[in-house]
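This report concerns only the one structure given below.
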Amino acid sequence: MSKGLQAVDKKDDEIIVATKWMPMMRRARSIKKTIDDRKNYLNPYTIDLHQIHMPYSFSSFQKQFDAMSDLLDEGHIRSIGISNFSAKQMIKAHDILADRGHVLASNQVNYSLIKRKIESNGILDTAKELGITIISWSPLQSGILTGRFHENREQTESLLMGRKMMSRGSIKKSQKLIDSMSLIADSHKVTIAQVALNWLINFHGETVVAIPGSTKPKQAEQNGQVMNFKLTKTELNDLEELSRDFL
Ligand SMILES: NC(=O)c1ccc[n+]([C@@H]2O[C@H](COP(=O)([O-])OP(=O)(O)OC[C@H]3O[C@@H](n4cnc5c(N)ncnc54)[C@H](OP(=O)(O)O)[C@@H]3O)[C@@H](O)[C@H]2O)c1
């Protein structure tokens, strides 16, 4: 192990490491089979959260969550999560884990100011009811919620096909929202992206956390700073109202 890694190791308690098992075309036995490799790759960090990436495996939920429970009981991981599970599937996972004396820590789903489906399809309500954290993936909706494409629509031309397709309708539809976010951002001396993330992690109390993707150190720094300010109740509610088209 390098000296640098040892220095980082001292901060292990401050860094939360989450990883995922990909269930597609696999059986639950691979959860236990792959854990040693996973631990080696992540060494010297401990796996704080191990998630099942999606609800599609050749094995039953019972077998998958039994395997995850074994990993927890054997001390390989610190908590269990899921990703892209529906409300019904969350409840099933929660119940199986409860039978083993464990909690379901989180469900990682796409949630942002312009992707609010989880508020109407039962996922958010279930999370609140069962105490499951929602981890929002693509919380900036792949950069749309930074406002940079609204400012210069030609920038979408340089995007990869998937992201370009995704952005087309949403940019026009979210112009009013972005204009309002820009004013709020100015008043807090932050960026539009920071307003988008701040809304996500505060509007529903403690239920939602976000994992923005950063391609530059400056973005990572700004994304971390989102926890240093708080939108007012009026601002939170105004943004909720302005983004109702995306429910
Ligand atoms: N569970 C799942 O099924 C699933 C699916 C998709 C993604 N994810 C996870 O979600 C995380 C984030 O996803 P994502 O990268 O697609 O989405 P995102 O956070 O919505 O968007 C990231 C993009 O926004 C821009 N950006 C980020 N921070 C910024 C800042 N402070 N200021 C200005 N621009 C900023 C960057 O664009 P530029 O590069 O253009 O500057 C970056 O590529 C990743 O960890 C990913 O693995 C999970």
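Computed over heavy atoms, backbone and side chain alike; hydrogens, waters and symmetry mates excluded. Start at 1 and go down the list; that is how both ligands and their atoms are numbered.
Screening residues 101-115 for side-chain hydrogen bond (donor to acceptor under 3.5 Å, both in side chains) gives Gln51-Gln108, Asp73-His102, Asn110-Gln141, Tyr111-Glu119, Tyr111-His204, Ser112-Gln141 as the qualifying pairs, with residues at least two apart or on separate chains.
A salt bridge does not link Asp245 with Lys173: every distance from a Lys NZ or Arg NE/NH1/NH2 to an Asp or Glu carboxylate oxygen is 4.0 Å or more.
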Q: List the steps and the verdict of side chain to side chain contact (heavy atoms under 4.5 Å, CB included) for Leu247 and Lys117.
A: CA-CA 5 Å; Leu247 271 169; Lys117 278 276 172 290; over 6 Å; no
Q: Would you check, one step at a time, whether the test side chain to side chain contact (heavy atoms under 4.5 Å, CB included) holds for His53 with Trp21?
A: CA-CA 6 Å; His53 187 45; Trp21 173 72; over 6 Å; no
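Smallest separation of non-hydrogen atoms from Lys230 and His188: O-CE1, 3.5 Å.
Within 4.0 Å of ligand 1, protein heavy atoms belong to Lys20, His53, Ser83, Asn84, Gln108, Trp137, Ser138, Pro139, Leu140, Gln141, Ser142, Gly143, Thr146, Arg148, Arg163, Ala193, Ile211, Pro212, Gly213, Thr215, Lys216, Gln219, Gln222, Asn223, listed by chain and number.
At most 12 heavy atoms of other shown residues, nucleotides or ligands fall within 6.0 angstrom of atom CD in Glu206.
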